[in-house]
Amino acid sequence: MALSGNKGEWSEIYTLLKLIGDKQLYAGDSKLNKVAHLVFPIIKVLREESDGTYAFSYEDDLVVISGKNETCRLPIVSFQKQAAQLLAKLKQSTSSTFTIPAIERFINSFQCKSLKASSSTKRDISIVIHDHRTGTTPTLGFSIKSQLGGLSTLLNAGKTTNFIYKITGENLTTDRIKAINAIETRHKIKDRMQAISACSGRFHFIKTAHSVFGNNLTLIDSDLPKILAAMLQKFFTSSLSKTTDLVKSIAMCNPLDYNLANNHPFYTYKIKRFLTDVALGMTPSKTWTGKLDATGGYLIVKNDGEIRCYHIYSRNEFEDYLLDNTKLETASSTRHDFGLIYQHKRGENFLKLNLQIRFIT
């Protein structure tokens, strides 16, 4: 059966071919620009297939491919040509899923049988590099994100990413609550919250709906649940959506009453830590121990086909990239059970808001 996939899935194959053909990897800054002095020569590329790990190393102008007790050699130039052809196909395609027979024949020649690498973690590919600064040759794991397809999520929405707020206000009668919950406009969650505020209703963060997610956040930083709750409330009550804009707005309000006399970047620092841990392994439904599934990095496939590396080796650039290139967005309120006023105990009113974070580039 022919391999068929979307642009994101084919981008994994493109990344494999491109890296092997380039023989080097450039770090990127927060705007995806190349950092000229941060270039890592590639010694070996590792990819997990269903039948084991395949290694791509170099011998003069040849790529040596080994795995499953087999070894073959192919010219480096063939990887460069196939990467260019695949990039052209990815830019031209308007289909949601498609086949590329010529590329499939090429990757089959070295036993690559699938578009996505076999992995149960966030790591899509591993690369052995030469680090000039330390003189070492570490094996680095990366998650691949591509601009050639649709914008991908950093934190997927779910009932696990709901935040619970208590609503106070004497004007919220039963009839008014019914009327507010019946609002079905295009921006219904924001409009419902505006209607609540119009009735002198106030929102007080109580806890995350899922205890594992709440504990994961507390492990990263004890104040993180409150900070994210403040950002989420700001998102649903304003026109702000970019993470960096929301953080700036919250910092100005200073809801946690930090001592800002010496310009400590409390909110920015804590949100950067959160984004980095999400990027490198933390999920809302599983207990987070701090172990990095991707062993520390992202590979971003740009619209022009260039690849940029973000890694804990260059943590500042990685954190800046995540902060500057993500936004909050509204997920399905029906599917994820949020956005309606509900009562629990003694007739008190509550509302759930949902956190989902997506890349903007």
Side-chain angles (χ1 to χ4, degrees), residues 1-22 25 45-56 63 65-68 70 72 74-127 141-158 279 283 293-294 297-309 329 331-332 335 356 358-361:
M1 182 180 294
L3 290 178
S4 179
N6 57 36
K7 289 186 177 183
E9 292 166 333
W10 277 108
S11 289
E12 286 201 24
I13 297 297
Y14 172 76
T15 301
L16 176 69
L17 302 178
K18 175 71 171 171
L19 290 175
I20 294 170
D22 284 354
L25 182 60
V45 177
L46 304 171
R47 176 179 162 92
E48 296 292 333
E49 292 286 344
S50 58
D51 59 350
T53 302
Y54 282 74
F56 302 81
V63 176
I65 306 151
S66 57
K68 200 180 178 181
E70 298 178 3
C72 69
L74 294 172
I76 292 177
V77 68
S78 64
F79 285 85
Q80 296 169 344
K81 289 180 178 179
Q82 293 293 329
Q85 291 177 20
L86 178 51
L87 177 61
K89 291 287 186 181
L90 292 175
K91 288 184 174 182
Q92 293 168 4
S93 178
T94 57
S95 302
S96 57
T97 60
F98 48 92
T99 61
I100 310 177
I103 301 298
E104 182 176 355
R105 285 193 296 271
F106 178 70
I107 64 175
N108 284 348
S109 70
F110 50 83
Q111 303 304 312
C112 180
K113 302 292 186 180
S114 61
L115 297 184
K116 291 185 66 64
S118 176
S119 177
S120 59
T121 70
K122 290 193 174 185
R123 181 177 63 253
D124 297 317
I125 197 169
S126 296
I127 307 171
F142 292 95
S143 175
I144 298 170
K145 300 294 182 182
S146 175
Q147 293 186 339
L148 297 171
L151 298 176
S152 55
T153 54
L154 175 64
L155 181 73
N156 291 319
T283 58
D293 279 348
Y298 267 28
L299 295 178
I300 310 297
V301 182
K302 297 177 59 179
N303 285 318
D304 61 2
E306 289 299 308
I307 296 175
R308 295 290 176 262
C309 158
E329 69 172 13
S332 168
R335 183 185 309 166
Q356 176 163 283
R358 185 176 296 277
F359 286 97
I360 57 178
T361 56

Do the side chains of [Y] and [X] get nearer than 4.5 Å, heavy atoms only?
| X | Y | result |
| --- | --- | --- |
| S126 | F142 | no |
| I100 | W10 | yes |
| Y54 | E48 | no |
| Y298 | I144 | no |
| V63 | P75 | no |
| L46 | I127 | no |

Mind checking side chain to side chain donor-acceptor pair (under 3.5 Å) for [X] and listing every partner two or more places apart, or none if nothing turns up?
| X | answer |
| --- | --- |
| S4 | none |
| R308 | none |
| E9 | none |

Residue set satisfying side-chain contact (heavy atoms from CB on, under 4.5 Å) with S146, at least two apart, ordered chain then number -> S11, L148, V301
Only counting residues at least two apart or in another chain, list the ones meeting side-chain contact (heavy atoms from CB on, under 4.5 Å) with D22.
K18
Tell me the closest heavy-atom pair linking [X] and [Y], and the distance in Å.
| X | Y | answer |
| --- | --- | --- |
| G305 | Y14 | O-OH, 2.6 Å |
| N108 | K113 | OD1-CD, 3.9 Å |
| C72 | S109 | SG-O, 4.5 Å |
| S114 | R47 | O-NH2, 2.6 Å |

Are the side chain of Q356 and the backbone N or O of N156 linked by a donor-acceptor pair below 3.5 Å?
no
So does T97 get a backbone contact from the side chain of N6, meaning a donor-acceptor N/O pair under 3.5 Å?
no
Atom [atom1] in [X], atom [atom2] in [Y]: separation rounded to 0.5 Å?
| X | Y | atom1 | atom2 | answer |
| --- | --- | --- | --- | --- |
| E329 | L155 | CD | CG | 10.5 Å |
| S152 | F359 | OG | CZ | 5.5 Å |
| L299 | L19 | CG | CG | 6.0 Å |
| I107 | C112 | CD1 | SG | 4.0 Å |
| D124 | L16 | CG | CG | 11.5 Å |

I20/I76 under side-chain contact (heavy atoms from CB on, under 4.5 Å): CA gap, chis, key distance, verdict
CA-CA 7 Å; I20 294 170; I76 292 177; 5.8 Å; no
Could you go step by step and tell me if E12 and L115 meet the side-chain contact (heavy atoms from CB on, under 4.5 Å) rule?
CA-CA 7 Å; E12 286 201 24; L115 297 184; over 6 Å; no
Review item, side-chain donor-acceptor pairs of residues 79-95, under 3.5 Å, at least two apart:
from, atom 1, to, atom 2, distance (Å)
Q80, NE2, G21, O, 3.0
S93, OG, S95, N, 3.3

